[in-house]
S.K.: 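Have a look at the structure that comes next, please.
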Amino acid sequence: MSKIKSNKALITGGASGIGKLMGLQLLQKGLSTLVIWDINETLLQSTALEFKKMGYEVYIYLVDVMNTTQVINTAALVKKEVGKIDILINNAGIAHVGNIEAVEEPDLDRLYEVNIKGVYNCTKACIPHMKKGGGSILNLASIASSVGIF
């Protein structure tokens, strides 16, 4: 993989799992600044500390991607504190294992709120900040979106 040319990336759900690994890979490939949004404050703190000990510039924000107002306000705060984001990676997502008979409506609502509305909220909040000068948006999805899991 070649060096990346973008300076700043924002990863939702970036404090653990795939999001954390993507962030580390981007930093190792030359990303100057990583912004992590996550709902888990403990993981945010530990991931930031880990990356900063490696010498990387990391900003963390406690964000619930389901909360439209919080997402919009945090995107504005990131623009003010960090500057323009070049890459948005919509990685935050949840799963619910079970067939339709076992899934209750609140479970379905939460899946929708995080996996669909969360991507919408983050993209809509970041696009105005990316319009001038361009940017890239990556939306991730699980294999579970195309394969039934029981």
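Computed from heavy atoms alone, side chains included, the values below leave out hydrogens, waters and symmetry copies.
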S.K.: Can a donor-acceptor pair be found, under 3.5 Å and without considering hydrogens, that links the side chain of Asn7 to the backbone of Ser32?
M.R.: no

S.K.: Please name the pair of heavy atoms, one in His129 and one in Ala125, separated by the smallest distance, quoted to 0.1 Å.
M.R.: CD2-O, 3.0 Å

S.K.: For residues Gly23 and Phe51, report the shortest heavy-atom separation together with the two atoms involved.
M.R.: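 For Gly23 versus Phe51, the nearest heavy atoms are C-CE1, 4.4 Å.
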
S.K.: What I'd like to find out is whether the side chain of Leu140 reaches to under 4.5 Å of the side chain of Met22, using heavy atoms alone.
M.R.: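 Touching, per the 4.5 Å side-chain cut-off.
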
S.K.: According to a hydrophobic-cluster definition based on side-chain heavy atoms being under 4.5 Å apart (Ile, Leu, Val, Met, Phe, Trp, Tyr only), do Trp37 and Val119 belong together?
M.R.: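 Cluster IDs for Trp37 and Val119 differ.
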
S.K.: Contact between Val63 and Thr12 at the side-chain level, heavy atoms closer than 4.5 Å - yes or no?
M.R.: no

S.K.: Let me know which of Ile87, Asn91, Asn90 forms a side-chain contact (heavy atoms from CB on, under 4.5 Å) with Ile11.
M.R.: Asn91

S.K.: Side-chain heavy atoms under 4.5 angstrom apart, residues restricted to Ile, Leu, Val, Met, Phe, Trp, Tyr: same cluster for Leu27 and Leu10?
M.R.: no

S.K.: Applying side chain to side chain donor-acceptor pair (under 3.5 Å), which residue pairs with at least one partner in residues 48-58 are found, sequence neighbours left out?
M.R.: Lys20-Glu50, Thr33-Glu57, Glu57-Tyr59

S.K.: My understanding is that only residues two or more places apart in sequence, or in another chain, count here; which of them pass side-chain hydrogen bond (donor to acceptor under 3.5 Å, both in side chains) with Ser46?
M.R.: none

S.K.: Do Leu24 and Val35 share a hydrophobic cluster (ILVMFWY, side-chain heavy atoms under 4.5 Å, transitive)?
M.R.: no

S.K.: Please report the interatomic distance OG1(Thr47) to CG(Asn40), rounded to the nearest 0.5 Å.
M.R.: 8.5 Å

S.K.: Members other than Ile116 in its cluster, when Ile, Leu, Val, Met, Phe, Trp, Tyr link by side-chain heavy atoms under 4.5 Å?
M.R.: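 ILVMFWY cluster around Ile116 also holds Tyr112.
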
S.K.: Hydrophobic clusters here meaning ILVMFWY residues chained together by side-chain heavy-atom distances under 4.5 Å, can you tell me if Leu26 and Leu88 are in one?
M.R.: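 Different hydrophobic clusters.
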
S.K.: If you measure from CD1 on Ile39 to CG on Leu44, what distance do you get to the nearest 0.5 Å?
M.R.: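 That separation rounds to 10.0 Å.
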
S.K.: For Ser16, give me all partners under side-chain hydrogen bond (donor to acceptor under 3.5 Å, both in side chains), at least two apart in sequence or on another chain.
M.R.: none

S.K.: More than 12 foreign heavy atoms under 6.0 Å from CD of Glu105: is that the case here?
M.R.: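 No, the 6.0 Å shell around CD holds no more than 12 heavy atoms from other groups.
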
S.K.: Just to verify, what does Glu101 make a side-chain contact (heavy atoms from CB on, under 4.5 Å) with, not counting sequence neighbours?
M.R.: Asn99

S.K.: Using the test side-chain contact (heavy atoms from CB on, under 4.5 Å), find all partners of Ile127 that sit at least two apart in sequence or belong to another chain.
M.R.: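 Here the qualifying residues are Thr123, Lys131, Ile137.
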
S.K.: Mind checking the CG-CG spacing from Leu43 to Leu62? Nearest 0.5 Å is all I need.
M.R.: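 Answer rounded to 0.5 Å: 11.0 Å.
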
S.K.: Can you give me every donor-acceptor pair (side chain of residues 70-80, partner residue at least two apart or in another chain, under 3.5 Å) with its distance?
M.R.:
from, atom 1, to, atom 2, distance (Å)
Gln70, OE1, Asp64, N, 2.6
Asn73, ND2, Thr69, O, 3.3
Thr74, OG1, Gln70, O, 2.7

S.K.: Please list, chain by chain and in numerical order, all residues satisfying side-chain contact (heavy atoms from CB on, under 4.5 Å) with Glu104, sequence neighbours excluded.
M.R.: Pro106, Asp107

S.K.: Which residues, ordered by chain and number, are linked to Met66 in its hydrophobic cluster, where ILVMFWY side chains connect at heavy-atom gaps below 4.5 Å, directly or through other members?
M.R.: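 When side chains under 4.5 Å apart are linked, the cluster holding Met66 also contains Val65, Ile94, Leu111, Val114.
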
S.K.: Which residues pass the salt bridge (Lys or Arg N to Asp or Glu O under 4.0 Å) test with Glu113, not counting sequence neighbours?
M.R.: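 Checked Glu113 against salt bridge (Lys or Arg N to Asp or Glu O under 4.0 Å); matches are Lys117.
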
S.K.: Cluster question for you: counting only ILVMFWY and a side-chain heavy-atom cut-off of under 4.5 Å, with indirect links fine, are Leu34 and Ile18 together?
M.R.: yes

S.K.: What is the distance from atom CD of Gln28 to atom CE of Met54, rounded to the nearest 0.5 Å?
M.R.: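 Reported to 0.5 Å precision, the distance equals 7.0 Å.
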
